[in-house]
There are 2 protein chains.
Amino acid sequence: MPEPMQNGAFPAPSHDHDRCVRQAVAHAEQVCADRDLRLTPIRRRVLELIWTNHQPSKAYDLLEAIRGEPFSTAPPTVYRALDFLLDAGLIHRIESLNAYVGCDARHVAGSPMFLICRGCDRVAELPGTGVGKAIGRAAKRAGFAVDQETVEISGLCGGCADDA
Amino acid sequence: MPEPMQNGAFPAPSHDHDRCVRQAVAHAEQVCADRDLRLTPIRRRVLELIWTNHQPSKAYDLLEAIRGEPFSTAPPTVYRALDFLLDAGLIHRIESLNAYVGCDARHVAGSPMFLICRGCDRVAELPGTGVGKAIGRAAKRAGFAVDQETVEISGLCGGCADDA
DNA sequence: CGGCGCGCGTTATATTATTACATTCCGTCC
DNA sequence: GGACGGAATGTAATAATATAACGCGCGCCG
Ligand SMILES: [Zn+2]
Ligand SMILES: [Zn+2]
Ligand SMILES: [Zn+2]
Ligand SMILES: [Zn+2]
């Protein structure tokens with residue numbers, strides 16, 4: 001029988017990843033249509049490249065990846081696409097890695113939290129609900145008004161722990 | 001009457017900051033003595049510079065600050081001192097700012113969380129206890145073994161909210 | 001003394017990101 | 001259709017952050 005998804009966080013090695021990509025692009029189309037944003041060829045391509053796998057992509061690797069394609073390969077090209085995708089909520093920046101991952105919308109509403117596996121370098125996005133509440137309480141006690149939460153957890157995913 | 005500390009998180013503008021610095025340096029001496037680490041002149045100086053205020057310091061600003069002092073002003077000088085201080089747990093790196101703040105040990109044991117005010121640019125370090133528990137629960141559900149937690153919250157501190 | 005490890009100096013380079021300005025593309029209005 | 005204006009892209013240069021590689025000097029220990 002097929003391997004189950006590992007609790008829905010890190011996808012099993014055998015999962016249908018093309019489906020992840022198709023879904024991500026379809027979702028992006030939808031979002032852009034709804035909000036009157038333009039998913040131009042560069043932007044779509046960068047999104048696809050980011051979704052090549054579940055590992056965070058570095059800006060200059062993306063730049064390298066579009067060599068030979070009919071786009072400029074100067075840094076602003078990719079940084080502009082990244083800015084657009086970030087603004088549109090289609091990707092996230094992982095601050096502790098200076099890298100970018102596709103948003104899989106598991107956080108639904110509210111801030112996401114990220115699990116970063118140092119074994120396989122994959123990142124899983126989780127709803128940060130419980131964590132967000134705890135943050136809210138701590139912030140309130142300190143008289144602090146929260147704008148944005150950055151929660152990035154490093155460790156070992158289930159698969160990599162089994163390997164060890 | 002003197003202004004009270006704002007809930008112990010962000011120090012009041014009028015607080016005795018020299019005391020913060022003295023305490024931080026004294027604590028560093030203690031830690032290094034206990035653990036047989038060497039708080040060399042450069043390392044001590046960088047720590048002092050970081051404690052100049054409660055705002056995060058950028059590596060190259062520290063480098064600039066030691067111009068005229070009898071230290072090399074090449075990047076490795078300051079990065080090496082930062083690495084040492086990070087390893088010793090005397091400072092923290094704020095990933096979302098590429099900057100460094102003194103550890104005020106409010107987190108006691110366990111991972112700290114940081115409140116970053118976009119008004120005054122100060123950073124407060126809080127015990128991440130409740131947040132850490134919530135993270136632990138979410139991670140466990142996802143079959144993920146936590147190594148390191150990065151929790152950085154942007155927003156407005158009490159003082160800056162009052163000004164607005 | 002001789003070797004060893006650590007801290008530091010020095011030079012060069014890698015990596016990540018932005019500024020500034022020119023050009024092109026596209027929808028809107030006349 | 002043609003003029004306009006704003007958004008998107010191209011291009012060149014540079015800024016900001018961080019690391020690699022190598023050598024020297026000094027204290028420690030055998
Ligand atoms: Zn997938
Ligand atoms: Zn893994
Ligand atoms: Zn202070
Ligand atoms: Zn403030």
Side-chain angles (χ1 to χ4, degrees), chain A residues 28-29 31-33 35-50 55-88 90-101 121 150 152, chain B residues 28-29 31-33 35-50 55-88 90-101 121 150 152:
Chain A
E29 308 260 23
V31 164
C32 290
R35 291 193 247 162
D36 209 13
L37 300 173
R38 294 172 52 192
L39 190 62
T40 62
I42 292 184
R43 292 166 178 176
R44 173 194 308 261
R45 185 70 183 114
V46 169
L47 183 63
E48 280 173 11
L49 285 169
I50 285 175
Q55 286 143 15
S57 306
K58 311 281 265 174
Y60 276 71
D61 290 345
L62 295 169
L63 209 46
E64 189 55 34
I66 59 173
R67 266 203 196 300
E69 301 184 13
F71 304 117
S72 161
T73 54
T77 299
V78 70
Y79 280 105
R80 287 197 279 233
L82 291 171
D83 285 346
F84 170 85
L85 296 168
L86 285 167
D87 285 351
L90 297 170
I91 63 173
H92 297 288
R93 177 178 160 83
I94 305 297
E95 297 291 348
S96 54
L97 299 176
N98 297 331
Y100 306 84
V101 288
D121 295 324
T150 299
E152 302 176 4
Chain B
E29 308 259 23
V31 165
C32 291
R35 291 194 248 159
D36 208 13
L37 301 174
R38 293 172 53 192
L39 190 62
T40 62
I42 292 186
R43 293 168 176 176
R44 173 196 306 262
R45 185 68 182 117
V46 169
L47 182 64
E48 279 173 12
L49 285 168
I50 286 175
Q55 286 143 16
S57 305
K58 311 283 261 173
Y60 276 71
D61 290 344
L62 295 169
L63 208 47
E64 189 56 32
I66 58 173
R67 262 198 202 304
E69 303 184 11
F71 304 117
S72 161
T73 54
T77 299
V78 70
Y79 281 104
R80 288 197 277 232
L82 291 170
D83 285 346
F84 170 85
L85 296 167
L86 286 166
D87 284 351
L90 297 170
I91 63 173
H92 297 288
R93 177 176 159 87
I94 306 296
E95 298 291 349
S96 55
L97 299 175
N98 296 333
Y100 306 82
V101 288
D121 295 324
T150 299
E152 302 176 3

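First the proteins, then the strands, lettered A, B, ... as listed; each starts at 1. Remember, predicted model here, so these are calculated numbers, not experimental data. All values below come from the heavy atoms of this structure, side chains included, with hydrogens, waters and symmetry mates left out.
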| field | Partner of B:Tyr100 under side-chain hydrogen bond (donor to acceptor under 3.5 Å, both in side chains), chosen from B:Lys58, B:His92, B:Arg93 | value |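 The side-chain hydrogen bond (donor to acceptor under 3.5 Å, both in side chains) with B:Tyr100 is passed solely by B:Arg93 among B:Lys58, B:His92, B:Arg93.
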Let's see if you can work this out: which of [options] has an atom nearest to the side-chain heavy atoms of [X]?
X	options	answer
B:Arg43	D:dT19, C:dT18, C:dC8	C:dC8
B:Arg38	D:dA12, D:dA18, C:dC6	C:dC6
A:Tyr79	C:dT19, C:dT16, D:dA20	C:dT16
A:Thr77	C:dA17, C:dT10, D:dG10	D:dG10
B:Ile42	D:dT11, C:dC26, C:dG9	C:dG9
B:Lys58	C:dG7, D:dT17, D:dA8	D:dT17

Just the rounded figure in Å: distance from [atom2] of [N] to [atom1] of [X].
X	N	atom1	atom2	answer
A:Arg44	D:dT9	CZ	P	12 Å
A:Leu39	D:dA7	CG	P	18 Å
A:Asp83	D:dA7	CG	C1'	15 Å
B:Leu63	D:dA15	CG	P	16 Å
A:Arg67	D:dG10	CZ	C1'	15 Å
A:Leu82	C:dT16	CG	P	12 Å
A:Asn98	D:dA16	CG	P	16 Å
A:Leu62	C:dT15	CG	P	15 Å

Item to check | Salt bridge present between A:Glu69 and A:Arg67 (N-O < 4.0 angstrom) | outcome: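 No, this pair does not count.
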Take B:Ile42 and B:Thr77 through the test side-chain contact (heavy atoms from CB on, under 4.5 Å) and record every step on the way to the result.
CA-CA 8 Å; B:Ile42 292 186; B:Thr77 299; 3.9 Å; yes
Checklist entry - Ring stacking, A:Tyr60 with base of C:dT16, under 5.5 Å and under 30°? => result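 A:Tyr60 ring centre within cut-off of C:dT16 base, planes near parallel; stacks.
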**Asked** Across the strands shown, which category fits B:Phe84 at heavy-atom distances under 4.0 angstrom: base, sugar-phosphate, nothing?
**Response**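 It contacts nothing in the nucleic acid.
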Q. D:dG10 base to A:Arg80 side chain: any donor-acceptor pair below 3.5 Å?
A.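 Answer is yes: a donor-acceptor pair is held.
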query: Looking only at side-chain N and O atoms, does B:Arg93 come under 4.0 Å of OP1 or OP2 in D:dA18?
result: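 So the side-chain polar atoms of B:Arg93 do come within 4.0 Å of the phosphate oxygens OP1 or OP2 of D:dA18, strictly under.
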Worksheet item: Which sits closer to the 5' end of DNA chain C, B:Ser72 or A:Asp61, going by the nucleotide each is nearest to?
Response: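 Comparing both residues, the 5'-ward one is B:Ser72.
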- [ ] Starting from the 5' end of DNA chain C, give me the residue, B:Ala74 or B:Pro41, whose nearest nucleotide shows up first.
- [x]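 On the 5' side of the pair lies B:Pro41.
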Between B:Glu152 and B:Ser96, is any side-chain donor less than 3.5 angstrom from a side-chain acceptor?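 Yes, B:Ser96 and B:Glu152 have a side-chain donor paired with an acceptor closer than 3.5 Å.
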key: Which atom of A:Arg38 lies closest to which atom of A:Phe84, heavy atoms considered   =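 Shortest heavy-atom contact: O-CZ, 3.6 Å.
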Under a 3.5 Å distance rule, please check whether A:Ser57 uses its side chain to pair with a backbone N or O of A:Leu62 as donor and acceptor.
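A pair under 3.5 Å: no.
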Q) Relative to the 5' end of DNA chain D, which residue comes earlier, B:Pro76 or A:Thr73, by the nucleotide with the nearest heavy atom? A)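 Its nearest nucleotide being more 5', the pick is A:Thr73.
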